[in-house]
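To keep things clear, I will list the structure first and then write my remarks on it.
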Amino acid sequence: MKKNLAILLVTWVFTGCGTSKNTAIDVADFSSALSIGTHMNLLASDDLRGREAGTEGIEKAASYIAKTMEGYGLEPYYSVFQDTLDNFEPAAYNLVGVVRGSDPDLRDEVVLLGAHYDHIGIVRAKEGDSIANGANDNAAGTSTVLELARYFGKAKTNKRTLVFALFSAEEKGLKGSEHLARKMKAEGVDLYAVLNFEMTGVPLQNKDYLVYVTGYNKSNIASVANAHAGEKVVGFLPTAESYNLFKRSDNYPFFEKFNIPSHTFSTFDFTNFDHYHQVGDEAELMDYGHMARVVNKMIPVVEGIAISKDRELKLN
């Protein structure tokens, strides 16, 4: 929480002042520890009781996300931001917003940016604490997607349509993403690619890349991403392959339904964070400066994919 607070100089963007539609934004310093912390301190707070799907706590998170999307200039993808799951009870909601593409030849092609915002709720108490706050898992990924939504909601540089989806009930078996993938397939959506974000709260150690991508060898996502970034931002983590992480996050239902490049980006490698699904997954352990850097490095990646004339992402 105290890390990299010097980056606060970009708060004028966060508050909606200064830039207007299609005005250049300083991508390198767009996201900051402050803007990340705004999301994290709410989503990972004790007040939300661990954000288990179908509970009052996650309802508060859903309300915050919907209001945030609206404030960032997104439109609801459906009639409202909340999209009720048809495969889970009690009631649970994905939050789905959109920034329509500007190019008449490309706007029907959709790039989806996603993350799950639920966690596991109340668990067995440890040292008097029973709330599994889920800061890294996955308030971190949710904050990443919200920051990307903030950028594109203001910049509106995307020629393809960008859908921003925050999924519920991932912890119940990828229910939220399965619901949306099935629904979009039935609607005939031309889904081009899915970029999902999971556990981005702490940095990788001793790696020559910033994030790894699951299903690295299933498409050319890494080479395309690094080309747009102008540096090696995305790399290969052997552990991700050995643990078959490609099938264990919200990218997978879209891959199953659409057979398109659909991947998860993460910085959790099983050695750099000891509190997975435990009460110790608290906001104070997250590196907000690192998280802002992930956002800022991913902006040109998303932008490049969203404006490229050709469908450059391809399955291997």
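Listed by first and then second residue, the side-chain hydrogen bond (donor to acceptor under 3.5 Å, both in side chains) pairs that reach into residues 233-245 are Asn217-Glu241, sequence neighbours excluded. The ring pair (Phe, Tyr, Trp, His ring centres under 6.0 Å) pairs that include a residue from residues 295-316 number zero, where partners must be two or more places apart or lie in different chains.
Taking the ring axis of Tyr78 as reference, the NZ or CZ atom of Lys183 stays within 45° of it and closer than 6.0 Å to the ring centre. Figure legend: cation-pi geometry between Arg150 and Phe30, with NZ or CZ positioned under 6.0 Å from the six-membered ring centre and within 45° of its axis. A cation-pi arrangement is present between Lys185 and Phe258, with the terminal nitrogen or guanidinium carbon under 6.0 Å from the aromatic centre and inside a 45° cone about the axis. Judged by a 6.0 Å distance limit and a 45° cone about the ring axis, Lys172 is not positioned over the six-membered ring of Phe88.
Under the 3.5 Å distance criterion, the side-chain polar atoms of Ser63 are left unmatched by any main-chain donor or acceptor of Glu59. Side-chain atoms of Asn133 come within 3.5 Å of backbone atoms of Ala44 as a donor-acceptor pair (strictly under, hydrogens ignored). For the pair Lys218 (side chain) and Gly215 (backbone), a donor-acceptor distance under 3.5 Å is absent. Between the side chain of Tyr209 and the backbone N or O of Phe236 there is at least one donor-acceptor pair closer than 3.5 Å. Using modelled atom types, one side-chain atom of Asp269 and one backbone atom of Asn272 make a donor-acceptor pair closer than 3.5 Å. Looking only at distances, a side-chain donor or acceptor of Ser35 sits under 3.5 Å from a matching main-chain atom of Ser32. Judged by distance alone, with hydrogens and angles left aside, the side-chain atoms of His263 form no donor-acceptor pair with the main-chain N or O of Val213 at under 3.5 Å. Judged purely by atom type and a 3.5 angstrom limit, Arg51 uses its side chain to pair as donor or acceptor with the backbone of Tyr117. The backbone N or O of Val202 sits nowhere less than 3.5 Å from a side-chain atom of Asp287 that would complete a donor-acceptor pair. Distance alone, capped at 3.5 Å, is enough to place a donor-acceptor pair between the Thr55 side chain and the Glu52 backbone.
No continuous path of ILVMFWY side-chain contacts below 4.5 Å connects Val194 to Val295, so the two sit in separate hydrophobic clusters. In the hydrophobic clustering of ILVMFWY residues, with side-chain heavy atoms under 4.5 Å counting as a link, Val301 and Tyr151 come out together.
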Worksheet entry | Steps toward side chain to side chain donor-acceptor pair (under 3.5 Å) verdict (Tyr288, Asn41) | CA-CA 11 Å; Tyr288 294 170; Asn41 292 334; 3.1 Å; yes

Discussion item. Apply side chain to side chain donor-acceptor pair (under 3.5 Å) to residues Asp86 and His179 and explain how you reach the verdict.
Written reply: CA-CA 7 Å; Asp86 64 8; His179 162 85; 3.1 Å; yes

Practice prompt. Go through the steps to decide whether Leu106 and Tyr192 satisfy the test side-chain contact (heavy atoms from CB on, under 4.5 Å), and finish with yes or no.
Written response: CA-CA 11 Å; Leu106 297 176; Tyr192 169 38; over 6 Å; no

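In this structure Phe268 satisfies the ring pair (Phe, Tyr, Trp, His ring centres under 6.0 Å) test together with Phe270, sequence neighbours excluded. The side chain to side chain donor-acceptor pair (under 3.5 Å) check on Asn226 picks up nothing, with sequence neighbours excluded. For Phe81, the ring pair (Phe, Tyr, Trp, His ring centres under 6.0 Å) test picks out no residue, with sequence neighbours left out. Looking at residues two or more places apart in sequence or on another chain, you find no side chain to side chain donor-acceptor pair (under 3.5 Å) involving Ser168. Residues meeting the side chain to side chain donor-acceptor pair (under 3.5 Å) test with Arg160, sequence neighbours left out: Glu109. Under the side chain to side chain contact (heavy atoms under 4.5 Å, CB included) criterion, Glu198 pairs with His116, Asp137, Asn138, Glu170, Asn196, Ser249, Thr264, not counting sequence neighbours. Under the rule for a ring pair (Phe, Tyr, Trp, His ring centres under 6.0 Å), the partners of His275 that lie at least two apart in sequence or sit in another chain are Phe273. For the salt bridge (charged side-chain N to carboxylate O under 4.0 Å, His left out) test, residues two or more places apart in sequence or in another chain that qualify with Asp190 are Arg311. Not a single salt bridge (charged side-chain N to carboxylate O under 4.0 Å, His left out) links Arg107 to another residue, sequence neighbours left out.
Looking at every heavy atom in both residues, Lys314 comes nearest to Asn220 through N-OD1, 2.8 Å.
Partner of Phe265 under the side chain to side chain contact (heavy atoms under 4.5 Å, CB included) criterion, chosen from Ile221, Val294, Leu210: Ile221.
Side chains of Asp47 and Ser45: no donor on one and acceptor on the other come within 3.5 Å. Between the side chains of Thr200 and Thr267, no donor-acceptor pair of N or O atoms lies under 3.5 Å.
With respect to Glu75 and Arg100, a salt bridge is recorded, a charged nitrogen being found less than 4.0 Å from a carboxylate O.
Residue Ile131 shares its hydrophobic cluster (ILVMFWY side chains chained together at separations under 4.5 Å) with Ile122.
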